[in-house]
Amino acid sequence: MINFKEKIAEILASSIEGLSIEEIIDMLEIPTESKMGDYAFPCFKLAKVLRKAPPMIAQGIAEKLQGNEIFEKVENVNAYVNMFLSRKVFVRELVCAVAADKECFGSSDIGQNRKVVVEFSSPNIAKPFHIGHIRSTVIGNSIYKIYDFLGYNTVRINHLGDYGTQFGKMIVSYRRWGNEEDVTREPIKTLLSYYVKFHEEAENDPSLEDEARDVFTKLENGEQEETRLWQWFRDESLKEFTRVYQMLGIEFDSYAGESFYSDKMDWIVDMLKDAKLLKESEGAQIVDLEEHNMSPALITKKDGSTLYITRDIAAAVYRKNHYDFYKNLYIVASQQNLHFQQWIKIIELLGFDWARDCVHIPFGLVSLEEGTMSTRHGRVVFLEEVLTRAVNQTKEIILQKNVNTDNLDATARQVGIGAVIFQELSNNRIKDYVFSWDKVLNFEGETGPYVQYTHARAASVLRNGGDSANQIIASADQANMDFIAGDSAYELAKLIYRFPEIILDAAEKYEPSIVTRHIVNIAQSFNKFYHDEHILVKNEEEKKAKLLLVYAAKQTIKNGLALLGMEAPERM
RNA sequence: GCGCCCAUAGCUCAGCUGGAUAGAGUCGCGCACUACGAAUGCGAAGGUCGGGGGUUCGAAUCCCUCUGGGCGCACCA
């Protein structure tokens, strides 16, 4: 597909002295309103260099550009050179590109197969998968999809919270108050109850905390009985997590969690020691980060057992050795900002220049109307329940609307779960939000079902279009673009055209919501086009051209949804 | 106390590497199903961009400061 921005920059470069094409590309803007053109070039900055008033400069440039065949019109308004592309040229380019690329439209080989490790989801074993976990899970999955689409060689890692003192607590609690049957029957709920029980009891009997730490140390030393219990808890928990991942359609390449690094702790501690970074303080081993304006990082406790920062350092070094990553991404809550700053700094102090390739991608807090979520106090909303309710509601709506779907259950799943995913990816990830049933079960306005509905509607038009859509797509270049050069068709085409650059932007900023917002815009624009113009007209030539644009919109929405981890039903 | 983040329409949010009259959705109001799917579309209404300084031809956007809120700061993860 022609890069019009680049092309315009080339043309401009020949009529402006002293500016490179790259500089011009940076300066080119898309005007706030389309009546001001498709691209605009502001001339204010040139005033000093050229020693002329900006409007004069703009006037001069506009005159030089006049008559170039890719422009329909070029005018000078308020020191801006406003450029209107030839609609026919533009729309032909776009529609043919989508027809040729299909499910690859928007993809790229910019990644050159370089390795990108994405760590996401990473729930704690033996705790329920609640609405707070959805963020890392869904954002991470989307970032993985985006990088994959851009030609990177991606690795998805679920860094399970399957280690640490909490397992000491769990084991202590199980031995005192638990039994095997309950765990087997309902693993997570039961294990959670042990965890809660532990904390209740520990309030009156602080020695339990020491006992738990002691048990964890045994676990870390590989004692048989502790290891067996831990392994059992882990296996049972993973079964439940897998069920949620299946509902969400999410997979991982590795479940190497914290425990995976347990035998690499000495290695890391020695490495830190050799680098003279370790210091003893109150019986613990720390890395002093004062000169980097951070509090010290605790590497080992006074009893010698490790902390999660030790395991994160080990994980990073292991991943560099094992994957030789180009980028190592962590989709983890913003509460852990300091933790990441600390260990990435330690990696740097160890002399590893790849510290800069480790990126913490934080996101905001989810809370409930009652307050912060707390597993211990039972203030949680289970993710599985959210997904199930969304699916059930979708089913009701479909039955109400009496639409013919091939498979009610499958469609309700795609739409209901899609609604939850879409909402999660609608806002900037850094924002905190309060979970609300009303909001998550609302399917009108800027929602997942709205975008999927638009896709299904476009699919319906294509089905009703007569000639097979494939035939029309195959001969895209022969279409008469006059029929899709009207205002609403052109606006739609422009949005679709920007899809590839939107994905690049989303990747660069690690921000899936950029994709989400854009496909909402495409859906809105499509619906407007749909209302403004009759598509299935008698005139075959006109109908074919319009169907091509419908196809382009449908395919782009589908590709966009896929990047969010959502499906695009043909009917709903 | 120190550090990081957030503040834009009644509500939820875009826009933030400076550019033209600050945009959506939602709530409420008024319209449109005898064209291809009304989970839709159209219209009107809704703003001291938290306050105050500064930089600039130009600031929601950059800098300083204040206010309000969130998160974090040693043996949890």
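Remember, it's a predicted structure, so these values are computed and weren't measured experimentally. Letters go in sequence order (proteins before strands), and every chain restarts at 1.
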> What nucleotide among G25(B), C5(B), A74(B) has an atom nearest to a side-chain atom of I430(A)?
Replying inline: C5(B)
>> Nearest to the side chain of Y530(A), heavy atoms from C-beta on, is which of C57(B), C36(B), A20(B)?
In response: C36(B)
> Would you say N293(A) reaches C73(B)'s phosphate, i.e. side-chain N/O to OP1/OP2 under 4.0 Å?
Replying inline: no
>> Base, sugar-phosphate or nothing for I309(A)? Non-hydrogen atoms, less than 4.0 Å.
In response: nothing
> Can you tell me how far P of G69(B) sits from NZ of K431(A), to the nearest Å?
Replying inline: 18 Å
>> Does A38(B) have its OP1 or OP2 closer than 4.0 Å to a side-chain nitrogen or oxygen of R457(A)?
In response: yes
>> Starting the side chain at C-beta, find the nucleotide from C57(B), C73(B), G41(B) nearest to Y450(A).
In response: G41(B)
>> Suppose we call a contact any N or O donor and acceptor under 3.5 Å apart; does that hold for the side chain of S281(A) and the base of A74(B)?
In response: yes
> Can Y433(A) be classed as stacking with the base of U12(B), given a centroid separation cut-off of 5.5 Å and a plane angle cut-off of 30°?
Replying inline: no
>> Main chain of H133(A), side chain of T137(A): is a donor-acceptor contact present, judged purely on distance under 3.5 Å?
In response: yes
> In whole Å, what separates the C1' atom of A74(B) from that of C2(B)?
Replying inline: 16 Å
> Which nucleotide sits closest to the side chain of S460(A): C73(B), C36(B), U21(B)?
Replying inline: C36(B)
> Under the 6.0 Å and 45° cation-pi test, does R311(A) pair with Y163(A)?
Replying inline: no
> Distance between the C1' atoms of G54(B) and U61(B), in whole angstroms?
Replying inline: 15 Å
> For R429(A) and Y510(A), what are the C-alpha separation, side-chain angles and deciding distance, and is it a side-chain contact (heavy atoms from CB on, under 4.5 Å)?
Replying inline: CA-CA 9 Å; R429(A) 34 166 242 277; Y510(A) 308 110; 3.9 Å; yes
>> With nearest nucleotide decided by heavy atoms, which residue, H531(A) or M36(A), maps closer to the 5′ end of RNA chain B?
In response: M36(A)
>> I'd like to know if the side chain of N76(A) pairs up with that of Q59(A) as donor and acceptor (distance under 3.5 Å, no hydrogens or angles considered).
In response: yes
> The side chain of A40(A) lies closest to which of these nucleotides: G37(B), A20(B), A77(B)?
Replying inline: A20(B)
> Tell me: CG of D438(A) to C1' of C27(B), nearest whole Å?
Replying inline: 13 Å
> Quick one: the side chain of D312(A) and the base of A77(B), do they pair up donor-acceptor inside 3.5 Å?
Replying inline: no
> If we take the P atom in both C64(B) and U55(B), what is their distance in whole Å?
Replying inline: 15 Å
> Which of the following nucleotides, A74(B), C71(B), A20(B), is nearest to the side chain of L298(A)?
Replying inline: A74(B)
>> Between C1' on C5(B) and CD1 on I361(A), what's the gap in Å once rounded to a whole number?
In response: 17 Å
>> Tell me the interatomic distance from I30(A), atom CD1, to U17(B), atom P, rounded to whole angstroms.
In response: 15 Å
> Rounded to whole angstrom units, what separation is found between the CD atom of Q524(A) and the C1' atom of A24(B)?
Replying inline: 7 Å
> With respect to the side chain of T32(A), which nucleotide from U12(B), A20(B), C57(B) is positioned closest?
Replying inline: A20(B)
> Who is the Watson-Crick or G-U wobble partner of C29(B), with both distances under 3.5 Å?
Replying inline: G43(B)
> For G37(B), does OP1 or OP2 lie under 4.0 Å from any side-chain N or O of R463(A)?
Replying inline: no
> For I502(A) and G15(B), what is the distance between atoms CD1 and C1' respectively, to the nearest whole Å?
Replying inline: 12 Å
>> From CG of L425(A) over to P of G25(B), roughly how many Å is that when rounded to an integer?
In response: 21 Å
>> In whole Å, I'd like the distance from the CG atom of L46(A) to the P atom of G58(B).
In response: 18 Å
> For G68(B), which nucleotide is its Watson-Crick or G-U wobble mate, given both distances must be under 3.5 Å?
Replying inline: C6(B)
>> When the C1' atoms of U21(B) and G15(B) are compared, how many Å lie between them, rounded to an integer?
In response: 15 Å
> Distance between the P atoms of C63(B) and G10(B), in whole angstroms?
Replying inline: 28 Å
>> Parallel, tilted or perpendicular: which one describes the rings of Y195(A) and H199(A), with boundaries at 30° and 60°?
In response: perpendicular
> Which nucleotide in the set G70(B), U21(B), G41(B) lies at the smallest distance from any side-chain heavy atom of N527(A)?
Replying inline: G41(B)
>> Heavy atoms from C-beta onward define the side chain here; which of A14(B), A39(B), G37(B) lies closest to that of V461(A)?
In response: G37(B)
> Are K302(A) and E282(A) within salt-bridge range, i.e. N to O under 4.0 Å?
Replying inline: no
> Contact class for Q341(A) (heavy atom, under 4.0 Å): base, sugar-phosphate, or nothing?
Replying inline: nothing
> Using a cut-off of less than 4.0 Å, is there contact between a side-chain N or O of T165(A) and OP1 or OP2 of C76(B)?
Replying inline: yes
>> Given C76(B), G70(B), G72(B), identify the nucleotide with an atom nearest to the side chain of L307(A).
In response: C76(B)
>> Below the 4.0 Å mark, does G15(B) have OP1 or OP2 next to a side-chain nitrogen or oxygen of N428(A)?
In response: yes
>> Both distances below 3.5 Å, Watson-Crick or wobble geometry, any strand: find the nucleotide opposite A20(B).
In response: none
>> Any N or O donor-acceptor pair under 3.5 Å from the base of A39(B) to the side chain of Y453(A)?
In response: no
> Considering only the P atoms, how many Å lie between C4(B) and U65(B), rounded to the nearest integer?
Replying inline: 11 Å
> If each of A458(A) and F44(A) is mapped to the nucleotide of RNA chain B with the nearest heavy atom, which maps nearer the 5' terminus, i.e. the 5' end?
Replying inline: F44(A)
> Given the P atoms of A38(B) and G52(B), what is the spacing between them in whole Å?
Replying inline: 48 Å
> So which of V81(A), N82(A), I61(A) actually passes side-chain contact (heavy atoms from CB on, under 4.5 Å) with V74(A)?
Replying inline: V81(A)
>> Evaluate Y330(A) against F340(A) for ring-ring contact (aromatic ring centres under 6.0 Å, His included), listing each step before the verdict.
In response: CA-CA 9 Å; Y330(A) 295 83; F340(A) 277 91; 5.3 Å; yes
> Using the C1' atom in both, what is the distance from G51(B) to G68(B), to the nearest Å?
Replying inline: 11 Å
> Is the W343(A) ring parallel, tilted or perpendicular to the H339(A) ring (thresholds 30°, 60°)?
Replying inline: perpendicular
